[in-house]
Amino acid sequence: MVQKYLKKIHLLDIYIFAISALGAYFLIHAAVTVDYTAHWKDLLTLVVLSGATAFLQVALPFSKASISVSYAIVFTSILLLPPSGTVLVAFVSALSGYLRSPTKQFRFSVLTFNIGNLILSAVAACNLLSLFTNVKWFWRGWQALPLLTATSVYFLVSTFSIGLAISLKESKNVKETWKQTFFWTAPSFYVGASIAWALTVFYQQFGIAVVLLAIPPLYLTYYTHKMYMGRLRENNDHLKHLADLHLRTIEALALAIDAKDETTHLHLQRVRIFASGIAKALSLPEPEVQAIRAGALLHDVGKLAVPEYILNKPGKLTPQEFNRMKIHPIVGAEILSAVNFPYPVVPVVLCHHEKYDGTGYPNGLKGEEIPITARILSVVDCFDALASDRPYRKALKPEDAMQYIGDQKSKAFDPAIVELFQELYPQLEAEAWAAAQEAQRISSNQPTLSFHFNPVAEAQAKPAAGFSEPVKINHLKNIAAANQEVYSLYELVQSVGTSLSLVETLSLIAAKIRKVIPCDSCVTYLRQENRLVPQYIDGKEKETFSGLSIPLGEGISGWVAENKRPLINANPAVEFGYLGNAARFTLMRSGLSIPLLVKEEVLGVITLYDELPNKFVGDNLRVLELISAKAALAIKNAMTFERTYENSLTDALTGLPNSRHMFLKLDEEIARARRNGTTLAILAMDLDFFKEINDSFGHTVGDKVLRQIAKQLRSTLRDYDFVARLGGDEFMAVLPGLSDEDVQKKMQQIQSEVENLQSEKRFGRSIRTSVSIGAATFPRDGKDADTLLSVADVRMYDNKFEQKKRRQEIDFSLASMDKENHFPIQ
């Protein structure tokens with residue numbers, strides 16, 4: 001398409017050069033061949049008149065062109081002088097007219113074109129008159145037809161050549177350009193021809209003195225032109241004002257509608273610039289260009305009939321939801337058909353989701369059946385939508401969005417339009433960026449509506465809470481916020497019950513709150529006895545907040561929890577005295593806090609913080625109150641589930657993980673070791689003669705021994721090792737990444753520490769314990785849990801046999817020396 005542009009520029013240059021060259025040729029030829037002796041008086045008179053009247057110019061209202069009454073003098077020279085003399089008069093008229101032009105910048109090409117155009121028009125009119133007869137016959141015979149014909153030729157040549165230059169420069173249709181700019185000026189040329197005929201008659205009869213008689217009608221013609229053009233210009237300006245007002249009304253409506261869809265003003269503006277730029281490059285008629293400008297703004301007006309939860313749904317629509325979405329082009333077309341636009345907007349709106357291969361909606365149109373304006377809009381709208389953030393996805397890079405558009409050529413989009421857009425994109429993007437900067441500049445200078453807000457009457461009862469600050473209003477943000485509020489509440493209700501994980505539930509709640517209430521940090525505190533502890537922190541100063549432990553009744557959050565009432569714009573500094581670190585401080589200057597209540601039970605508090613003072617408003621409090629009720633119930637359910645789940649995986653006696661938890665963990669660790677190519681050791685442990693302890697000292701003592709053994713195992717193993725009670729007197733440990741030598745050392749350490757573990761004396765005797773251990777290593781001894789457990793169990797019983805044999809030998813020696821009162825339990 002760049003080549004097409006270069007071709008148009010080249011054609012315009014060639015055309016201007018051709019007109020200028022032809023004009024120069026006729027001018028030189030006239031200057032050489034004119035008979036100055038025979039016609040010097042007539043020539044001098046008409047040259048002076050043409051130069052003087054050329055200054056009586058009237059600007060045309062629909063272009064930068066102007067018209068002068070000097071054409072009446074040129075007509076007179078056509079009737080009185082030979083063609084060479086007429087050429088000289090036309091030259092003087094064109095030169096004087098350009099010098100009179102209001103354009104301050106001198107352009108030689110424009111001057112030569114104007115001179116050449118006027119000379120060619122005069123030559124064409126002269127040649128036409130010569131076809132009828134000589135001048136003498138012309139005055140004695142029927143004069144109307146030749147005069148009208150010559151005037152028509154002069155008018156057509158002079159105006160159409162300028163119209164062609166304008167159309168080449170601005171890439172417009174030449175017929176439409178000529179019709180809009182010059183067609184309606186034709187009557188003035190015939191009036192000028194009539195004045196020229198009268199001037200010629202009187203000049204031939206009365207001589208040069210009649211020139212004075214020509215001044216009043218010429219000036220009257222100029223004055224009439226000026227008044228008419230002025231009125232026409234006023235009407236045109238009024239129509240443009242109405243059109244601009246109409247367009248601004250359309251834009252305001254479109255922005256208000258698309259704010260519900262979280263579409264930004266910049267998106268609509270960019271789509272309009274892209275679409276109208278392509279339409280102009282394709283030289284579409286002006287009504288279609290206007291239609292695509294309006295259609296770019298209003299193409300989604302039918303989304304008024306689509307529920308917001310479908311418009312902003314994060315994820316793929318169901319077939320039923322998509323069917324609902326597909327009605328919006330039809331609804332939009334029906335709405336706009338009642339407006340009676342002066343240009344074809346309805347087809348743009350109705351067909352902008354049709355696809356080039358016929359798979360689009362609502363009517364499944366294909367190829368050229370789709371209006372060209374709709375084909376343009378579908379390309380640029382899809383591109384900028386992909387390059388913009390949406391609730392359900394992040395924006396693509398422009399090059400990735402353009403790649404997608406290119407991949408969809410001949411499928412979803414017209415390939416010719418895609419290629420044109422790809423070539424014009426840098427230029428159109430620069431225009432869109434400049435327009436965005438200008439819009440931002442204008443917006444920043446606009447006055448902002450504001451009101452004063454006092455959200456809580458009992459402000460004096462709450463610590464460091466300040467109010468009565470002006471609140472700025474932005475209509476588009478408020479519309480979008482209202483829609484976002486409804487959608488966020490709907491989404492929260494739909495999603496908080498889907499996860500029973502406390503962390504996931506708190507994360508989801510914080511994300512939804514920050515989406516609808518902008519803030520720097522959102523902290524959820526949960527109650528632990530008489531204190532509030534931060535359970536989830538989303539936003540700034542995470543490390544600072546994580547150190548808080550706030551007593552009930554203290555600070556913002558503690559006051560809210562104790563009094564079960566919210567606070568707005570309170571001072572966060574009062575909470576950070578409970579960090580236990582005087583060197584730490586916070587930048588937060590305002591807080592919004594609300595209790596989490598379930599049947600009057602305070603689970604905790606949600607507090608929003610921001611670095612700006614008095615950041616929060618009444619609407620923020622209202623929305624947070626709506627969210628807190630659902631959030632509290634979801635948090636309660638998650639806490640109950642976590643306690644239940646934790647109990648299901650924990651041995652109630654020792655606090656160690658139970659056998660179910662052990663087998664889940666073992667499968668997980670085997671999978672990790674297999675994936676990382678590392679070793680994994682499993683220790684099967686069994687207390688020796690634990691039944692004798694229960695029988696001799698009772699189950700209460702036995703339970704105490706089991707708790708002591710569990711505590712000792714936890715302290716002996718590493719932090720990332722895993723130990724569990726399988727039941728009775730059996731324990732198991734999982735030790736990742738140890739060598740065989742380290743495993744043997746760890747087994748000896750465990751046995752030594754268990755044997756040295758002493759309990760209180762009972763019946764004059766102390767309780768002594770020992771443990772048998774068997775080890776298995778992944779992957780040498782087995783590659784699955786069952787095999788490893790079987791190997792470890794066999795080795796544990798081998799070790800138990802050795803332990804028993806060694807203990808019997810020790811007991812035999814002690815029996816012969818039974819002086820001390822010890823009771824070994826093995």
Evaluate the side chain to side chain contact (heavy atoms under 4.5 Å, CB included) criterion for residues I278 and L428: first the C-alpha distance (whole Å), next the side-chain angles of each, then the deciding distance (0.1 Å), finally the verdict.
CA-CA 9 Å; I278 293 175; L428 296 176; 4.2 Å; yes
Enumerate the salt bridge (Lys or Arg N to Asp or Glu O under 4.0 Å) contacts for residues 426-437, please, sequence neighbours excluded, ordered by first and then second residue.
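Salt bridge (Lys or Arg N to Asp or Glu O under 4.0 Å) check on residues 426-437 returns R270-E429.
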Applying salt bridge (Lys or Arg N to Asp or Glu O under 4.0 Å) as the test, list every pair that has at least one member in residues 346-365; sequence neighbours left out.
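Of all non-adjacent pairs touching residues 346-365, none passes salt bridge (Lys or Arg N to Asp or Glu O under 4.0 Å).
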Could you work out, with side chain to side chain contact (heavy atoms under 4.5 Å, CB included) as the rule, every residue matching L22, not counting sequence neighbours?
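Partners of L22 under the side chain to side chain contact (heavy atoms under 4.5 Å, CB included) test: L120.
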Ion pair D300/K303, N-O distance below 4.0 Å:
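Salt bridge between D300 and K303, a charged N being under 4.0 Å from a carboxylate O: yes.
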Check: [Y] and [X] side chains under 4.5 Å, non-hydrogen atoms:
X	Y	answer
D384	V380	no
I292	I376	yes
C351	L365	yes
M402	F383	yes

Side chain Y404, main chain L386, donor-acceptor under 3.5 Å
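No; zero donor-acceptor contacts below 3.5 Å.
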May I ask you to decide if the ring planes of H353 and Y361 are parallel, tilted or perpendicular, using 30° and 60° as cut-offs?
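H353 and Y361: parallel rings.
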Check the side chains of H352 and D381 for a donor-acceptor pair under 3.5 angstrom, ignoring hydrogens and angles.
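Note: D381 and H352 side chains miss the donor-acceptor criterion.
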Quick one: pull up CG in L164 and OG1 in T159 and give me the separation to the nearest 0.5 Å.
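Those atoms lie 11.5 Å apart.
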Minimum heavy-atom separation for [X] and [Y], please, with both atom names.
X	Y	value
V157	S121	CG1-OG, 3.5 Å
G406	V418	CA-CG1, 4.2 Å
P329	V349	CB-O, 3.7 Å
A296	V271	CB-CG1, 3.9 Å
P362	L350	CD-O, 3.3 Å

Start with the C-alpha gap between F113 and F17, add the side-chain angles, then the distance that decides, and say whether side chain to side chain contact (heavy atoms under 4.5 Å, CB included) holds.
CA-CA 8 Å; F113 176 80; F17 176 77; over 6 Å; no
Run N117 and S158 through side chain to side chain contact (heavy atoms under 4.5 Å, CB included) and show every step you take.
CA-CA 6 Å; N117 177 54; S158 63; 4.1 Å; yes
